[in-house]
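Remember, it's a predicted structure, so these values are computed and weren't measured experimentally. Reckoned from all heavy atoms, side chains included, excluding hydrogens, waters and symmetry mates.
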Amino acid sequence: MMTGNSRQVTSEQQGCHPDLIDRVARHRKHEFQKPIADFNLHAFQQAEAQLTAHGGPLILDSGCGVGDSTRHLAEHYPDHLVLGLDRSGHRLQRQRPDLPDNALLIRTDLVDFWRLAAAANWQPARHCLFYPNPYPKPSQLSRRFHAHPVFPAMVTLSRQFEARSNWKIYLQELQLSLAVYGIHSLIEAIDSDSPVVSAFERKYRASQQPLWKLITQS
């Protein structure tokens, strides 16, 4: 049996944040004006060139970490191009087995990349967000993707969206935020016997933490 010492998420927040819906509605009305960083523009151009060369459907693996989830997706969808996106060069540069030919890891900030992809009218076949940092303090609401000004851009990218977390409240908030846009989703527990999709999932399972996934219903 696997063992681990990863701590479960703890928070004073025991349900969805009371300011969540107001925050989501406000960001929906106002375009996010933060300038795009040059290195993120270059990263997007690299991804766009790869997508054009591939010519097939696309899967985005946002916050891919060391790339285990990107590999998992590329192996299960061999006719798709899978782009693993992460802002940490350290994580992306860890020694891993070679990725399949239909996978590419890109260092970029998701906030900029998602806006560039939305502006270019990208429509990935699937979009995955596995185990983002939940920022569990109530004062950190604005740092969660669903309460961030980038959320309207993220929502446009794909109706086939899956998120996973070891903090159920994060997914419950995400579910409410998606519903503001008319996107319905289900939250269910992840079967401990199902294949591990990422390094984070492996770590949390080793610590015997309960895990959940949110899947949109188009």
Side-chain angles (χ1 to χ4, degrees), residues 27-28 30-133 143-146 148-164 174 177-178 181 183 197-200 214-216 218:
H27 294 325
R28 191 179 187 185
H30 302 287
E31 184 179 356
F32 190 26
Q33 298 288 346
K34 179 178 177 289
I36 302 289
D38 286 343
F39 89 91
N40 288 319
L41 179 59
H42 295 324
F44 180 75
Q45 291 169 340
Q46 176 191 8
E48 199 164 38
Q50 192 73 16
L51 180 59
T52 299
H54 182 267
L58 171 67
I59 295 175
L60 288 182
D61 180 22
S62 293
C64 67
V66 297
D68 287 0
S69 52
T70 307
R71 180 182 301 101
H72 172 86
L73 290 165
E75 290 172 349
H76 281 74
Y77 299 94
D79 59 332
H80 290 58
L81 173 65
V82 183
L83 296 180
L85 312 174
D86 202 279
R87 66 183 178 182
S88 171
H90 173 70
R91 283 194 291 264
L92 293 175
Q93 291 171 5
R94 289 186 190 175
Q95 293 297 318
R96 318 296 289 181
D98 291 339
L99 289 172
D101 292 339
N102 63 319
L104 178 67
L105 303 182
I106 296 176
R107 180 175 177 264
T108 187
D109 188 323
L110 297 177
V111 170
D112 281 1
F113 194 97
W114 286 345
R115 287 188 291 155
L116 289 166
N121 295 316
W122 277 23
Q123 288 296 304
R126 301 176 66 89
H127 186 190
C128 299
L129 184 65
F130 295 142
Y131 303 99
N133 186 338
R143 303 179 73 176
R144 303 171 199 164
F145 286 130
H146 45 267
H148 189 279
V150 77
F151 190 64
M154 192 203 85
V155 166
T156 69
L157 292 179
S158 179
R159 288 274 173 159
Q160 298 296 321
F161 177 75
E162 179 180 352
R164 297 190 176 203
L174 177 56
S177 302
L178 290 169
Y181 288 81
I183 301 173
V197 303
S198 72
F200 279 115
L214 174 148
I215 302 176
T216 58
S218 56

**Message:** Looking at Val197, is its backbone amide N or carbonyl O close enough to the side chain of Arg164 to form a donor-acceptor pair, meaning the two atoms are under 3.5 Å apart?
**Reply:** no

**Item:** Minimal non-hydrogen separation, Ser69 against Asp61, with atom names
**Value:** OG-OD2, 2.6 Å

Counting only pairs under 3.5 Å, give me each side-chain donor-acceptor contact of residues 41-50, with atom names and distances, residues two or more places apart or in other chains.
none

**Request:** For Phe130, enumerate each residue passing the ring-ring contact (aromatic ring centres under 6.0 Å, His included) test, keeping only those at least two apart in sequence or located in another chain.
**Result:** none

**Residues that Phe145 engages under ring-ring contact (aromatic ring centres under 6.0 Å, His included), provided they are two or more places apart** = Trp114

**Request:** Give every residue pair that meets the side chain to side chain donor-acceptor pair (under 3.5 Å) criterion with at least one member in residues 100-110, sequence neighbours excluded.
**Result:** Asn40-Thr108

**Fill in**
Taken to the nearest 0.5 Å, the spacing of Thr216 OG1 from Leu178 CG works out to 7.5 Å

**Check: Ile215 main-chain N/O paired with Gln160 side-chain donor or acceptor under 3.5 Å** = no

**Complete:** Here the pair of heavy atoms bringing Leu81 nearest to His54 is N-CE1, 3.4 Å

**Prompt:** With a 4.5 Å limit on heavy-atom distance, are the side chains of Leu110 and Val150 in contact?
**Reply:** no

**Asked** side-chain contact (heavy atoms from CB on, under 4.5 Å) between Leu51 and Trp122: does it pass, once the steps are laid out?
**Response** CA-CA 10 Å; Leu51 180 59; Trp122 277 23; 3.9 Å; yes

**Request:** Can you sort out the partners of His80 under side-chain contact (heavy atoms from CB on, under 4.5 Å), two or more places apart, ordered by chain and number?
**Result:** Pro57, Ile59, Tyr77, Ala125

**Message:** For a quick test of reading the model, state the closest non-hydrogen atom pair linking Tyr181 to Ser177 and the distance between them.
**Reply:** CD1-O, 3.5 Å

**Prompt:** Under the side-chain contact (heavy atoms from CB on, under 4.5 Å) criterion, do Leu73 and Cys128 qualify, and how do the steps go?
**Reply:** CA-CA 9 Å; Leu73 290 165; Cys128 299; 4.0 Å; yes

**Prompt:** So do Lys34 and Asp112 actually touch side chain to side chain, heavy atoms under 4.5 Å?
**Reply:** yes

**Request:** Tell me, please, which residues at least two apart from Leu105 pass side-chain contact (heavy atoms from CB on, under 4.5 Å).
**Result:** Cys64, Thr70, Leu92, Leu99

**Request:** Of all the heavy-atom pairs spanning Arg159 and Ile183, show the shortest one and how long it is.
**Result:** NH1-CG1, 3.2 Å

**Asked** What residue pairs, at least two apart or across chains, pass salt bridge (charged side-chain N to carboxylate O under 4.0 Å, His left out) with a residue in residues 123-132?
**Response** Arg126-Glu162

**Message:** Would you say CZ of Arg87 has more than 12 non-hydrogen atoms from neighbouring residues, nucleotides or ligands within 6.0 angstrom?
**Reply:** no

**Request:** Specify the closest pair of heavy atoms between Leu157 and Pro124, including all atoms of both residues, with the distance to one decimal.
**Result:** O-CD, 2.6 Å

**Request:** Please test Asp68 against Phe200 for side-chain contact (heavy atoms from CB on, under 4.5 Å), starting from the C-alpha separation and ending with a verdict.
**Result:** CA-CA 9 Å; Asp68 287 0; Phe200 279 115; over 6 Å; no

**Request:** Go through the structure and list residues passing side-chain contact (heavy atoms from CB on, under 4.5 Å) with Ser88, not counting sequence neighbours.
**Result:** Asp86, His90, Arg91

**Prompt:** Within a strict 4.5 Å, meaning less than it, do heavy atoms of the Leu214 and Phe161 side chains meet?
**Reply:** yes

**Request:** Sequence neighbours left out, what passes ring-ring contact (aromatic ring centres under 6.0 Å, His included) with Phe39? Give chain and number order.
**Result:** none

**Item:** Phe32 and His148 aromatic ring geometry - parallel, tilted or perpendicular at 30°/60° bounds
**Value:** perpendicular

**Message:** Using every non-hydrogen atom in the two residues, find where Ser62 and Leu129 come nearest and quote the distance to one decimal.
**Reply:** O-CD1, 3.5 Å

**Set of residues satisfying ring-ring contact (aromatic ring centres under 6.0 Å, His included) with respect to His76, sequence neighbours excluded** = His72

**Request:** Name all residues meeting the side-chain contact (heavy atoms from CB on, under 4.5 Å) criterion together with Arg143; count only those two or more places apart in sequence or in a different chain, and write none if there are none.
**Result:** Tyr135, Gln140

